[in-house]
> 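Below is one structure. I have some questions about it.
Treat the numbers as computed from the prediction; the structure is a model and nothing was measured. Both ligands and their constituent atoms are indexed starting at 1 by order of listing. In what follows, residues are counted from 1 in the order of the sequence shown.
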Amino acid sequence: MLVKLLTFLLLQAAVAVLADVRSIPQPDQRQPSLINELVRQPPRLDGRIVGGQPINITDAPYQISLQLSFLIFFKHHCGGSLISKEWILTAAHCTLGKKTNQLRVRLGTSETKRNGQLLRIRKIINHEKFNVSNADYDFSLLQLQEPIEFDDTKQAVKLPKQGQEFKDGEMCNVSGWGSTWNSNESNEWLRQVQVPLFNQEECSKIYSRYGGVTDSMICAGYSEGGKDSCKGDSGGPLVNGNGVLAGVVSWGIPCAKPNYPTVYGRVSFVREWIREHSGV
Ligand SMILES: *[C@@H]1O[C@H](CO)[C@@H](O)[C@H](O)[C@H]1NC(C)=O
Ligand SMILES: *[C@@H]1O[C@H](CO)[C@@H](O)[C@H](O)[C@H]1NC(C)=O
Ligand SMILES: *[C@@H]1O[C@H](CO)[C@@H](O)[C@H](O)[C@H]1NC(C)=O
Ligand SMILES: *[C@@H]1O[C@H](CO)[C@@H](O)[C@H](O)[C@H]1NC(C)=O
């Protein structure tokens with residue numbers, strides 16, 4: 001019996017390791033479905049903090065860890081942002097096909113595995129225009145079972161106005177528990193990296209083989225690479241210097257590669273949709 005259980009656990013661990021291998025879209029193959037990649041590898045096509053710094057949750061108290069059931073526990077799956085005492089904004093590719101009882105939200109902690117609170121979700125609302133082939137409208141709202149109390153480890157992020165524009169080159173912070181691409185840098189502690197917003201047309205050109213970027217997307221990253229969000233950061237916050245949520249980590253060509261910025265869901269494009277569905 002014990003042997004059976006151990007074998008089962010080992011098998012599950014192997015599956016988890018395999019599922020964690022980033023898959024790179026191959027532009028020269030027949031046009032791959034972006035979201036097939038995203039959905040098969042839920043913590044993104046791409047998506048942890050590369051080249052960043054550890055931060056405390058008090059520096060980004062809107063950051064949450066969306067966790068997915070795994071055997072008898074829950075495991076970090078994606079990031080997300082508190083937008084009120086009971087609503088979270090994340091990426092639709094993180095929640096697509098998931099049931100509320102498979103997910104939990106850990107918040108109020110700098111560590112994905114401990115402290116803070118692990119909370120149940122009442123409702124998942126994926127954007128109805130979410131397109132699985134090009135990641136258009138990659139937004140999802142999660143309602144917590146019960147509203148939380150705010151403190152210095154839990155606060156709502158500011159939302160932009162509908163249609164609010166952001167300047168190319170404007171610096172933003174992106175945070176998460178995703179891959180650091182460096183075995184010396186733990187991803188169990190929250191990390192953050194500063195990245196500049198990237199010109200939309202340039203970004204669309206770069207990703208033209210994948211259908212380009214749409215109006216519901218915004219890009220950020222350095223032309224020289226090296227600093228980026230990455231696998232496991234999906235759904236997490238991209239916040240500008242005024243503390244406004246400009247983007248939700250969505251997709252991109254694996255992380256921190258020169259000339260490949262990361263593509264984020266453009267929050268100002270769906271501000272009304274957020275209000276309509278959450279009242280926030
Ligand atoms: C987190 O906060 C503690 C207490 O304020 C401080 O000692 C520590 O250096 C901080 N860590 C980081 C990574 O900012
Ligand atoms: C989804 O995106 C694909 C690729 O850009 C496009 O061909 C298709 O028409 C889109 N579907 C919808 C429902 O907009
Ligand atoms: C990891 O740390 C070791 C020892 O401090 C160092 O020699 C090595 O270069 C580091 N590796 C990376 C990828 O930073
Ligand atoms: C990013 O976060 C760091 C540390 O919390 C802060 O010093 C910096 O001003 C932030 N940058 C932006 C653009 O918000």
> Are there protein heavy-atom neighbours of atom 7 (O) of ligand 4 below 4.0 Å?
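When distances to the protein are checked, atom 7 (O) of ligand 4 has no heavy atom within 4.0 Å.
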> Hey, do the aromatic rings of Y207 and W251 have their centres closer than 6.0 Å?
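That pair passes the under 6.0 Å test.
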> After noting the C-alpha distance and the side-chain angles of Q145 and R122, does the key distance pass the side chain to side chain contact (heavy atoms under 4.5 Å, CB included) rule?
CA-CA 5 Å; Q145 194 95 9; R122 179 186 301 278; 4.3 Å; yes
> By number and element, which atoms of ligand 2 are closer than 4.0 Å to a non-hydrogen atom of S133?
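Heavy-atom distances to S133 below 4.0 Å select 1 (C), 2 (O), 3 (C), 4 (C).
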> Under 4.0 Å from any heavy atom of M171, which atoms of ligand 4 are there?
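Once the distances to M171 are compared, the set is 13 (C).
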> How close does the nearest protein non-hydrogen atom get to atom 9 (O) of ligand 4, and which residue and atom is it?
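Protein heavy atom at minimum distance: Q194 NE2, 4.7 Å.
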> Heavy-atom contacts with N131 under 4.0 Å: which atoms of ligand 2 show up? List them by number with element.
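Counting atoms of ligand 2 from 1, those under 4.0 Å from N131 are 1 (C), 2 (O), 3 (C), 8 (C), 10 (C), 11 (N), 12 (C), 14 (O).
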> Going by the side chain to side chain donor-acceptor pair (under 3.5 Å) test, name the single residue among R106, R104, K154 that passes it with Q117.
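With Q117 as partner, side chain to side chain donor-acceptor pair (under 3.5 Å) holds for just one option, K154.
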> Identify, for atom 3 (C) of ligand 4, the protein heavy atom at the shortest distance, and state residue, atom and that distance.
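Answer for atom 3 (C) of ligand 4: Q192 NE2, 3.5 Å.
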> Go through the steps for S65 and Q67 under the test side-chain hydrogen bond (donor to acceptor under 3.5 Å, both in side chains), then give the verdict.
CA-CA 6 Å; S65 162; Q67 310 213 338; 2.8 Å; yes
> Is there a donor-acceptor contact under 3.5 Å from the side chain of Q200 to the main chain of M217?
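Yes; at least one donor-acceptor contact below 3.5 Å.
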> Which protein heavy atom lies closest to atom 10 (C) of ligand 4, and at what distance to 0.1 Å?
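The protein heavy atom lying closest is N173 ND2, 2.5 Å.
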> Applying a 4.0 Å heavy-atom criterion (strictly less than), which segment of N240 is in contact with ligand 4: side chain, backbone, both, or neither?
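Answer for N240: backbone.
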> Compute whether any side-chain donor of one residue and acceptor of the other, for E128 and W273, lie under 3.5 angstrom apart.
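A pair is found: one side chain offers a donor N or O, the other an acceptor, under 3.5 Å apart.
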> Starting from atom 5 (O) of ligand 2, find the nearest protein heavy-atom neighbour and note its residue, name and distance.
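Ranking protein heavy atoms by distance from atom 5 (O) of ligand 2, first comes N134 ND2, 3.4 Å.
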